[in-house]
There are 2 protein chains.
Amino acid sequence: MLTIGKLGEAAGVKVPTIRYYEQIGLLPEAERSAGNQRLYGRKAMERLAFIRHARDLGFTLEAIRDLLSLSDRPDQSCAAADAIARAQLAEVESRLARLTALKAELERMVVQCAGGKIADCRVIEVLGDHSLCATDHRHPETELAQ
Amino acid sequence: MLTIGKLGEAAGVKVPTIRYYEQIGLLPEAERSAGNQRLYGRKAMERLAFIRHARDLGFTLEAIRDLLSLSDRPDQSCAAADAIARAQLAEVESRLARLTALKAELERMVVQCAGGKIADCRVIEVLGDHSLCATDHRHPETELAQ
DNA sequence: CTTGAAGCTATAGTTGCTAGAGACATTAAG
DNA sequence: CTTAATGTCTCTAGCAACTATAGCTTCAAG
């Protein structure tokens, strides 16, 4: 049995994060030692690794909650898991497209900066006047988030 | 003079967001009408457009605060503005690299899903066992944030 | 003059943690 | 066996950048 610190070390997750996952119900309530400290076995370790990996892949905690409950029902169809993964892939692809456009615009901006005074600065100028922009990177809906 | 609703419409920014920007000092306190409603002129409109555009390019509000105060001093060197923009470009490039790796991993995952039962699902399996992964996409430091 | 939209303030919620305070537990050294 | 250092406990508050809600006032159209 591992204490919370060892578990965190093993899984690459910070201690308060583990307690947070327990608090929001992503991890079950841990067993406790005589002195009230959390103790974890292999099952908890695996579950935490699953969460960590999914987080690394950008899944939200909500999506992970769904994936975990799916993985607890091995006899069911995997369509739902597949759908969640595909949705995440679509998310990533759209963010990628957006970031690629941003990169182009930022590059244009910094390349044009001649290094003079603010009054002549292309960076400030472009930010102040959207019409100086090559690409239309305005997205009312799509969040930059995550 | 525009009311807050018209300004928001014109700049593509929601009304509560404008009030929020005022609250955190990104926009100056607006003039008020006899009935205590905010009124905005061309200067406020331009400042808000600047903020909006910079947000669209992924600058944080902190960076925008700096850029705005720079743009208020047109006689100074533009080096600082350039540095902020370059930092943002670097940020975007690193996120781009990371997302590209995620995309590859997610694609691998969904392609391998044969559509059977959860017990055989590659999505769940890969998430549960990091060693099944092609790429090492674990980043202790680099946040996925933004 | 009435009605409905738009404005006001203030507070709380969102996501996914992270940081702090103050108290108890455990472990290693002396 | 004691002490000191570290680890853990709970609880609360904070971060970014908004968004939503409640309950009120003001404005513009008919």
Side-chain angles (χ1 to χ4, degrees), chain A residues 1-27 29-40 44 48 51-68 88 91 95 139-146, chain B residues 1-27 29-40 44 48 51-68 88 91 95 139-146:
Chain A
M1 293 299 239
L2 302 173
T3 61
I4 197 169
K6 301 295 174 193
L7 177 70
E9 214 173 309
V13 177
K14 286 177 192 152
V15 167
T17 305
I18 299 174
R19 287 197 280 249
Y20 170 70
Y21 287 161
E22 176 180 316
Q23 190 193 307
I24 63 170
L26 261 193
L27 289 175
E29 293 197 11
E31 286 179 63
R32 297 298 181 114
S33 72
N36 197 36
Q37 302 198 344
R38 289 173 180 83
L39 292 177
Y40 299 93
L48 183 56
I51 296 170
R52 173 76 213 269
H53 193 182
R55 283 299 293 139
D56 281 339
L57 286 168
F59 289 92
T60 64
L61 293 183
E62 258 321 286
I64 294 171
R65 205 185 286 278
D66 292 345
L67 287 169
L68 279 169
Q88 175 61 13
E91 253 296 302
R95 263 188 265 152
H139 274 224
E141 326 294 350
T142 307
E143 281 310 306
L144 205 49
Q146 258 230 45
Chain B
M1 293 298 240
L2 302 172
T3 60
I4 196 168
K6 302 294 175 195
L7 177 69
E9 212 173 312
V13 177
K14 284 176 193 152
V15 168
T17 304
I18 299 175
R19 288 195 279 248
Y20 169 70
Y21 287 161
E22 175 179 317
Q23 189 194 309
I24 63 169
L26 217 47
L27 289 175
E29 293 198 11
E31 287 178 64
R32 297 297 182 114
S33 73
N36 197 37
Q37 304 199 342
R38 288 174 181 81
L39 292 177
Y40 298 93
L48 183 56
I51 296 171
R52 173 78 213 268
H53 193 181
R55 284 297 294 138
D56 281 340
L57 287 168
F59 288 92
T60 65
L61 293 184
E62 258 321 286
I64 293 171
R65 205 185 286 278
D66 293 344
L67 288 168
L68 279 169
Q88 174 61 13
E91 255 294 304
R95 263 188 266 151
H139 275 223
E141 325 295 351
T142 307
E143 281 311 305
L144 205 48
Q146 255 230 41

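Note: hydrogens, waters and symmetry copies are ignored here, and every other heavy atom, side chains too, is used. Here is how names work: the chains are called A, B, and so on, in the same order as the sequence lines, proteins then strands, and each is numbered from 1.
In this structure, A:Met1 places its CE atom 18 Å from C1' of D:dG7, rounding to the nearest Å. Atom CD in A:Glu31 sits roughly 13 Å away from atom P in D:dC9 (whole-Å rounding). The CZ atom of B:Phe59 sits 17 Å away from the C1' atom of D:dA17 (whole-angstrom rounding). The CZ-C1' distance, from B:Arg65 to D:dA17, rounds to 12 Å in whole Å. As a whole-Å value, the separation of A:Ile18 CD1 from C:dG16 P is 17 Å. Atom CD of A:Glu62 and atom P of C:dG16 are 8 Å apart (whole Å).
Distance from the side chain of B:Ser33 is smallest to D:dC27 among C:dT18, D:dA17, D:dC27.
Here the CD-CD distance, from B:Gln23 to B:Glu29, works out to 11.0 Å after rounding to the nearest 0.5 Å. Atom-to-atom distance recorded for B:Arg38:CZ and B:Leu7:CG is 11.0 Å, nearest 0.5 angstrom.
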Requested in this report: Mind running salt bridge (charged side-chain N to carboxylate O under 4.0 Å, His left out) on A:Arg19 and A:Glu22 for me, showing each step along the way?
Outcome: CA-CA 5 Å; A:Arg19 287 197 280 249; A:Glu22 176 180 316; over 6 Å; no
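Across the helix from C:dC1-D:dG30 to C:dG30-D:dC1, the helix axis at one end is tilted relative to the axis at the other end by 0° (nearest 10 degrees, each axis from five pairs).
The two residues B:Arg32 and B:Asn36 make their nearest non-hydrogen contact at NH1-O, 2.9 Å. Nearest heavy-atom pair, A:Leu27 versus A:Ala44, reported as atom, atom and distance to 0.1 Å: CD2-O, 4.5 Å. Among all heavy-atom pairs drawn from A:Leu39 and A:Ala30, the shortest one is O-CB, 3.9 Å.
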B/S/- along nucleotides 4-14 of chain C (protein heavy atoms under 4.0 Å) is ---SSB-----
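Side-chain nitrogen and oxygen atoms of B:Lys14 include at least one within less than 4.0 Å of the OP1 or OP2 phosphate oxygen of D:dT19. Residue B:Tyr21 places no side-chain N or O under 4.0 Å from the OP1 or OP2 atom of D:dA17. The side chain of B:Thr17 places an N or O atom within less than 4.0 Å of a non-bridging phosphate oxygen (OP1 or OP2) of D:dT19.
Applying the side chain to side chain contact (heavy atoms under 4.5 Å, CB included) test to B:Tyr20 and every residue at least two apart in sequence or in another chain returns B:Ile24, B:Leu61.
Side-chain atoms of B:Gln88 come within 3.5 Å of backbone atoms of B:Gly58 as a donor-acceptor pair (strictly under, hydrogens ignored).
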